[in-house]
Amino acid sequence: MQTTILIRSDEMPGVIDGLASEIIARHPSGEHLVLLGIQRRGVDIAARLAAALEARLGRSIPLGSLDINLYRDDWTSPRARPVIGTSHMPVPLEARDVILVDDVLFTGRTVRAALEAILDYGRPCKVELLVLVDRGHRELPIHADYAGRVIPTSREDQVNVLVRERDGRDEVLLQRGNRGGSA
């Protein structure tokens, strides 16, 4: 199995900073923004984005986390038991622009589940999607508004995002022909 490094540790801050710049271009004051990271690595990426935005905007950006396990559509067997985590909404979502943050966009099913979960917490003005890696192969009509990298892959490839908060190092890896992949 061939492994390629898509984003090295020393490149990660630049990717995060570039994404922060794109957000500021669309939301110059950041006044109504809320960042919601999808558990697990989306939360870590959202925290880094919040820090980058706060440093540049001079204001605090509300940061929350979203567990989507109850909203997934792949719990099809009676034996499947989702592990339920916690969600945290730092502010009410009404009158807010939510930026939903995840590590990898693949089929779009994780994002569909996240959108359902968000609506249980309120009705934001707008929801935008930010991903570290967009690898293609959508099964649903979902797209990223912000993507750190757009990488052509095959359906059999796997993209693994490692973050220092959970994995001890920052790296994004592409494993060719591994059958499966991040959603």
Side-chain angles (χ1 to χ4, degrees), residues 1-25 27 30 33-69 72 82-91 98-111 113-114 117-118 127-137 144-153 157-178 180-183:
M1 174 175 13
Q2 178 189 356
T3 300
T4 304
I5 299 173
L6 299 176
I7 301 175
R8 295 185 324 265
S9 179
D10 63 329
E11 295 175 306
M12 191 73 81
V15 173
I16 298 294
D17 193 54
L19 289 166
S21 293
E22 289 184 51
I23 291 169
I24 291 170
H27 304 275
L33 284 181
V34 176
L35 296 178
L36 286 183
I38 297 176
Q39 291 285 9
R40 299 176 312 178
R41 285 168 182 80
V43 173
D44 303 321
I45 295 164
R48 293 183 194 189
L49 277 165
L53 290 169
E54 289 170 5
R56 291 173 66 182
L57 294 172
R59 70 168 43 235
S60 176
I61 303 296
L63 171 64
S65 62
L66 194 62
D67 180 77
I68 55 111
N69 279 315
R72 294 179 59 104
V83 176
I84 307 305
T86 59
S87 292
H88 166 69
M89 295 302 125
V91 294
V98 171
I99 297 181
L100 183 63
V101 180
D102 203 7
D103 56 353
V104 178
L105 177 57
F106 182 27
T107 63
R109 293 187 179 278
T110 296
V111 175
I118 286 171
V127 178
E128 296 175 329
L129 176 62
L130 181 145
V131 296
L132 192 61
V133 177
D134 181 346
R135 59 165 295 186
H137 303 287
D145 297 287
Y146 312 93
R149 293 279 198 285
V150 177
I151 307 295
T153 65
D157 294 340
Q158 184 167 344
V159 175
N160 294 310
V161 174
L162 305 175
V163 293
R164 68 177 177 270
E165 295 88 344
R166 292 180 194 279
D167 309 301
R169 72 182 199 265
D170 287 335
E171 206 167 50
V172 179
L173 305 170
L174 171 64
Q175 294 179 320
R176 292 282 181 195
N178 198 34
S182 299

Trainee: About how many Å separate CG of L105 and CD1 of I151, when rounded to the nearest 0.5 Å?
Mentor: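 Going from CD1 on I151 over to CG on L105, the span is 12.5 Å.
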
Trainee: Is there a side-chain contact (heavy atoms from CB on, under 4.5 Å) between L36 and M89? Walk through the geometry before answering.
Mentor: CA-CA 8 Å; L36 286 183; M89 295 302 125; 3.7 Å; yes

Trainee: Where the side chain of D67 meets the backbone of S87, is there a donor-acceptor pair that is under 3.5 Å apart?
Mentor: no

Trainee: Could you note down all residue pairs passing salt bridge (charged side-chain N to carboxylate O under 4.0 Å, His left out) where residues 10-24 supplies at least one of them, sequence neighbours left out?
Mentor: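 Passing the test, one end in residues 10-24: R8-D10, R8-E11, E11-R149, D17-R56.
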
Trainee: Please identify which of these residues, R40, R41, R48, meets the salt bridge (Lys or Arg N to Asp or Glu O under 4.0 Å) condition with E165.
Mentor: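 Of the listed residues R40, R41, R48, the salt bridge (Lys or Arg N to Asp or Glu O under 4.0 Å) partner of E165 is R48.
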
Trainee: Are the side chains of V161 and V172 in touch, meaning some heavy atoms are under 4.5 Å apart?
Mentor: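 V161 vs V172: side chains touch.
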
Trainee: Please report the shortest heavy-atom distance between V43 and S65, naming the atom on each side.
Mentor: CG2-CB, 3.6 Å

Trainee: Please step through side-chain contact (heavy atoms from CB on, under 4.5 Å) for the pair I99 and V34, ending with a clear verdict.
Mentor: CA-CA 6 Å; I99 297 181; V34 176; over 6 Å; no

Trainee: Measure the shortest side-chain to side-chain distance between I5 and L173 over non-hydrogen atoms and say whether it is less than 4.5 angstrom.
Mentor: yes

Trainee: Over all heavy atoms of both residues, which pair between I68 and A114 is shortest? Give the atoms and the distance, please.
Mentor: CG2-CA, 3.4 Å

Trainee: Of all the heavy-atom pairs spanning L19 and Y146, show the shortest one and how long it is.
Mentor: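 Reported closest heavy-atom pair: CD2-CB, 3.9 Å.
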
Trainee: Would you name the heavy atoms of G30 and L57 that are closest together and state the gap between them?
Mentor: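 In this case the closest contact between G30 and L57 is CA-CD1, 3.9 Å.
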
Trainee: Working to the nearest 0.5 angstrom, can you tell me the gap between M12 CE and I7 CD1?
Mentor: 5.5 Å

Trainee: If every non-hydrogen atom of V15 is compared with every non-hydrogen atom of G148, which pair is closest and at what distance?
Mentor: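 Nearest pair, atom of V15 first, then G148: CG1-CA, 3.8 Å.
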
Trainee: Between atom OG of S60 and atom CG of L53, what is the distance when rounded to the nearest 0.5 Å?
Mentor: 10.5 Å

Trainee: Please report the closest heavy-atom contact between V131 and A144, naming both atoms and the distance.
Mentor: CG2-CB, 3.8 Å

Trainee: Under 3.5 Å, is there a donor-acceptor pair between the side chain of E54 and the main chain of I61?
Mentor: yes

Trainee: How long is the gap from OG1 on T153 to CZ on R176, to the nearest 0.5 Å?
Mentor: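 One gets 7.0 Å once the value is rounded to the nearest 0.5 Å.
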
Trainee: Does this structure show an ion pair linking D44 with R166, if we count only N-O contacts that are shorter than 4.0 Å?
Mentor: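 Salt bridge between D44 and R166, a charged N being under 4.0 Å from a carboxylate O: yes.
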
Trainee: Could you check L130 against D145 for side-chain contact (heavy atoms from CB on, under 4.5 Å), going step by step and ending with a plain yes or no?
Mentor: CA-CA 6 Å; L130 181 145; D145 297 287; over 6 Å; no

Trainee: When rounded to the nearest 0.5 angstrom, what distance separates CG in L6 from CG in N160?
Mentor: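 Here the rounded value is 10.0 Å.
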
Trainee: Kindly compute the distance separating CG (L132) from CG (D103), expressed to the nearest 0.5 Å.
Mentor: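 Between L132 CG and D103 CG, I get 7.5 Å after rounding to 0.5 Å.
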
